[in-house]
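From a predicted model like this one, the values you see are computed outputs, not experimental measurements.
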Amino acid sequence: MGRRLDGLGNIFTAEDGQPLHPDSVAWHFTKALRSAGVPVIRLHDLRHTSATLDLEAGTHPKVVQERLGHANISMTLDLYSHVVPGMGEDAAAKRGFLLYGKAAG
């Protein structure tokens, strides 16, 4: 990885600071996965994994939205809320605690 010369915030650059072509980055990523002997996934899958883990850990969806750069929170929730099946139960338990001082049920 090189130094950032263009000020555009590129993560992957050549030695001269110029951005790498996305296909080149993906190729090197796949090569590293194969070399490590782990399942090959798309580089973009890391983004999905990060968002999913954040939501499962209880990170507020607004924070996840900002990290992903989504224009609005509805996009984030539409894409990722289904992977956190306990969200509804957790919300009900919190509401029960607020109303009754204990979990509902």
Side-chain angles (χ1 to χ4, degrees):
M1 305 293 163
R3 32 175 224 204
R4 185 182 325 153
L5 299 178
D6 61 8
L8 297 176
N10 292 305
I11 295 171
F12 303 106
T13 63
E15 291 293 326
D16 64 0
Q18 294 300 310
L20 295 175
H21 191 279
D23 290 342
S24 174
V25 175
W27 183 84
H28 285 284
F29 179 67
T30 299
K31 183 179 174 184
L33 292 175
R34 287 190 175 127
S35 176
V38 297
V40 174
I41 61 171
R42 299 173 307 150
L43 186 59
H44 191 78
D45 292 335
L46 295 179
R47 174 181 170 90
H48 294 301
T49 299
S50 176
T52 301
L53 291 173
D54 278 347
L55 290 169
E56 287 179 345
T59 302
H60 194 284
K62 184 69 177 170
V63 174
V64 177
Q65 173 215 340
E66 291 170 354
R67 287 180 177 171
L68 294 172
H70 289 161
N72 53 59
I73 197 164
S74 64
M75 174 181 269
T76 307
L77 292 174
D78 286 347
L79 288 171
Y80 296 105
S81 64
H82 70 281
V83 299
V84 187
M87 286 177 81
E89 291 85 1
D90 186 50
K94 287 178 181 176
R95 181 170 292 159
F97 184 79
L98 288 172
L99 293 173
Y100 307 111
K102 61 180 180 175

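Separating the CZ atom in Arg67 from the CG atom in Asp54 is a distance of 4.5 Å, to the nearest 0.5 Å.
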> Checking side chain to side chain contact (heavy atoms under 4.5 Å, CB included) for the pair Glu66/His60: CA distance, chi angles, key distance, verdict?
Replying inline: CA-CA 10 Å; Glu66 291 170 354; His60 194 284; over 6 Å; no
> Hey, mind stepping through Leu20 and His28 against side chain to side chain contact (heavy atoms under 4.5 Å, CB included) and telling me if it holds?
Replying inline: CA-CA 11 Å; Leu20 295 175; His28 285 284; 5.8 Å; no
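Using modelled atom types, one side-chain atom of Asn72 and one backbone atom of Met75 make a donor-acceptor pair closer than 3.5 Å. No donor-acceptor distance shorter than 3.5 angstrom exists from the side chain of Gln65 to the backbone of Thr76, with no hydrogens or angles considered. No donor-acceptor distance shorter than 3.5 angstrom exists from the side chain of Ser35 to the backbone of Lys31, with no hydrogens or angles considered. Thr30 places a side-chain N or O within donor-acceptor distance of the main-chain N or O of Ala26, the cut-off being under 3.5 Å.
For Leu68 against Arg47, the heavy-atom pair with the smallest separation is O-NH2, 2.7 Å. Minimum interatomic distance between Thr52 and Tyr80 (heavy atoms only, all atoms of both residues): OG1-CD2, 4.0 Å. For the pair Pro61 and Leu77, the tightest heavy-atom approach, listed with the atom from each and the gap, is CB-CD2, 3.7 Å.
Trp27 and Phe12 fall into different hydrophobic clusters, where Ile, Leu, Val, Met, Phe, Trp and Tyr residues are linked whenever their side-chain heavy atoms come under 4.5 Å apart, directly or through other members. One hydrophobic cluster, built from ILVMFWY side chains closer than 4.5 Å, holds both Ile41 and Val38.
Inter-residue side-chain proximity for Val64 and His70 is flagged as unmet; no heavy-atom pair is nearer than 4.5 Å. Counting heavy atoms from C-beta outward, Glu56 and Leu53 have side chains that approach closer than 4.5 Å. A heavy-atom distance below 4.5 Å is not found between the side chains of Phe29 and Val40.
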